[in-house]
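Have a look at the structure below, then the notes.
Keep in mind the model is a prediction, meaning the values are calculated, not measured. Numbering of residues begins at 1 and proceeds along the displayed sequence. Each ligand, and each atom within it, is numbered from 1 in the order the structure gives.
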Amino acid sequence: MRFFLNARRDVEIVNFDILTYAGNPESLADVAHDPRYCLIRGDITDRTAVDKLFQLGLDAVIHFAAETHVDRSIEDASPFLKTNIFGTQCLLEAARPFPNIRLVHISTDEVYGSAPREAAFKEEAPLDPRSPYAASKASAEHFVTAYANTYGVSAVILRCTNNFRPFQFPEKLIPLMIANATENKPLPIYGDGLQERDWLFVEDYCRAIAIALEKAECGSIYNVSCGVSQPNLKIVRTILQVLGKPDSLIQYVQDRPGHDRRYALDSSKIQRELGWRPLVSFEDGIRKTIEWYRANSEWLDHARSGEYRNYYERHYDRRSETFRS
Ligand code: TYD
C-alpha cells in the first residue's frame, strides 16, 4: 500500500481486507487520511461484496488475501480452504466480465515443495505442495490459470520466497524472534534449525509486483527471489547478534510436522523478461527490520496482546465505512 502510494501520485487504492487476527489498521495509520487511500472491511468469499468492488472502476487487482501461517494450517486447514481457494475462485468469478482488469495473484514458493540441495526451482517445475497451506495456494493457482485460459481473465501469478519486513505479524520467524529476543524470552527453533529459506525484503517484492502489474503477459508465472537460501539458525543468530543478545536464548523445540527442508527459487525469468532484480541485501533488510521493531514496541505489544483485533470495533464508523482516528 505504502509502496504504491509513494511510487505514484496518480494512484488510488482500495484496500479490501477482512481484518483477521493478523490484520491491523494501525499499520496503515500514516496513510489512513490520504485521500487516495480507502479501507473497506470485507470478506473475499462474499461474492456480493467482491462484485461491488469491481463496480468501483478498477484498473488492477493485487490479490494478497490469504491465510498464510503454515503452523495454523496444520492445526486446522478449513480457513485455508475457505479463504485461499474459495476466496480466489470468488474473486475470479467477479473478475470474469472485466478482461481489461489486470489481476496479480500473490502465490508462494511453497507450491513447489522442498527443493533438493543446491537446486533452485524454475517456473516449469511440477507443483508438489506439502503442507495444507501450500496445498491451498497451489489449488488457488490452478483456478487462476484456469480462469485466464477459459475466460480470458488477465491474470499473472507471482511465486515469491519468504518476505521479511516491518509490520509483519509476530508469528512468522523473523518478527517472532525479534520480539522474543527483545524481551529475553526463549527463541523456539523447530527441529535442528537447519531448514533453509530464501528471504526477500519487502521493498524488492513490491517492485516486482509493480513491474508485473504493468509489463507481464496475461497467463504468465514468475518466481521472485533473492537467490540465496539460508538456514533458520543463521537468521536467528544474526538477529541475536544485532540485538546484542546471547545465543543461550535459543531453544530447540519439536519440529513442525512435514516441515519442508529447503525453499529455493530461480528468478532468472523475471530478471530477463521484466528487468526486475533484488536491490536490498539481507544484511541491510534485517537491520532495517530490527530497527523498526525496536522503534515500534507499542505496535508489537498490541500485536502480541491481540489488542488490535478490537481496533476495528473501536475506530470504525459503519455508516461512513471509514476509520476514525
Ligand atoms: P515461517 O516464518 O513460519 O515461514 P514458512 O513456514 O512459510 O517458511 O517459518 C520460517 C522457517 O522458520 C520455517 O522453516 C519454520 C521455522 N520456524 C521456527 O524454527 N520457529 C518458529 O517459531 C517459527 C514461527 C518458524
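With a 6.0 Å radius and a threshold of 12 heavy atoms from other residues, nucleotides or ligands, Asp59 has its CG atom at or below the threshold.
Here Phe80 is tied into one hydrophobic group with Val70, Ile74, Tyr133, each link being a pair of ILVMFWY side chains closer than 4.5 Å.
Residue pairs that meet the salt bridge (Lys or Arg N to Asp or Glu O under 4.0 Å) test with at least one member in residues 156-165, sequence neighbours left out, are Glu141-Arg159.
For Asp260, there are no salt bridge (charged side-chain N to carboxylate O under 4.0 Å, His left out) partners two or more places apart in sequence or in a different chain.
In this structure, Arg197 fails the cation-pi test against Phe164, since its NZ or CZ atom is not both closer than 6.0 Å to the six-membered ring centre and inside 45 degrees of the ring normal. The side-chain tip of Arg256 does not point at the ring of Tyr190 from less than 6.0 angstrom away and within 45° of straight on.
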What are the distances between nitrogen or oxygen atoms of ligand 1 and protein nitrogen or oxygen atoms, counting only those under 3.5 Å?
residue, atom, partner, partner atom, Å
ligand 1, 2 (O), Leu173, N, 2.8
ligand 1, 3 (O), Arg256, NH2, 3.1
ligand 1, 4 (O), Asn162, ND2, 3.3
ligand 1, 6 (O), Arg256, NH1, 2.5
ligand 1, 6 (O), Arg256, NH2, 3.3
ligand 1, 7 (O), Glu110, OE2, 2.5
ligand 1, 8 (O), Asn162, ND2, 3.0
ligand 1, 8 (O), Arg197, NE, 2.7
ligand 1, 12 (O), Asn232, ND2, 3.3
ligand 1, 14 (O), Arg197, NH2, 3.2
ligand 1, 14 (O), Asn232, ND2, 2.9
ligand 1, 14 (O), His259, NE2, 2.7
ligand 1, 19 (O), Tyr190, N, 2.9
ligand 1, 20 (N), Pro188, O, 2.8
ligand 1, 22 (O), Pro188, O, 3.4

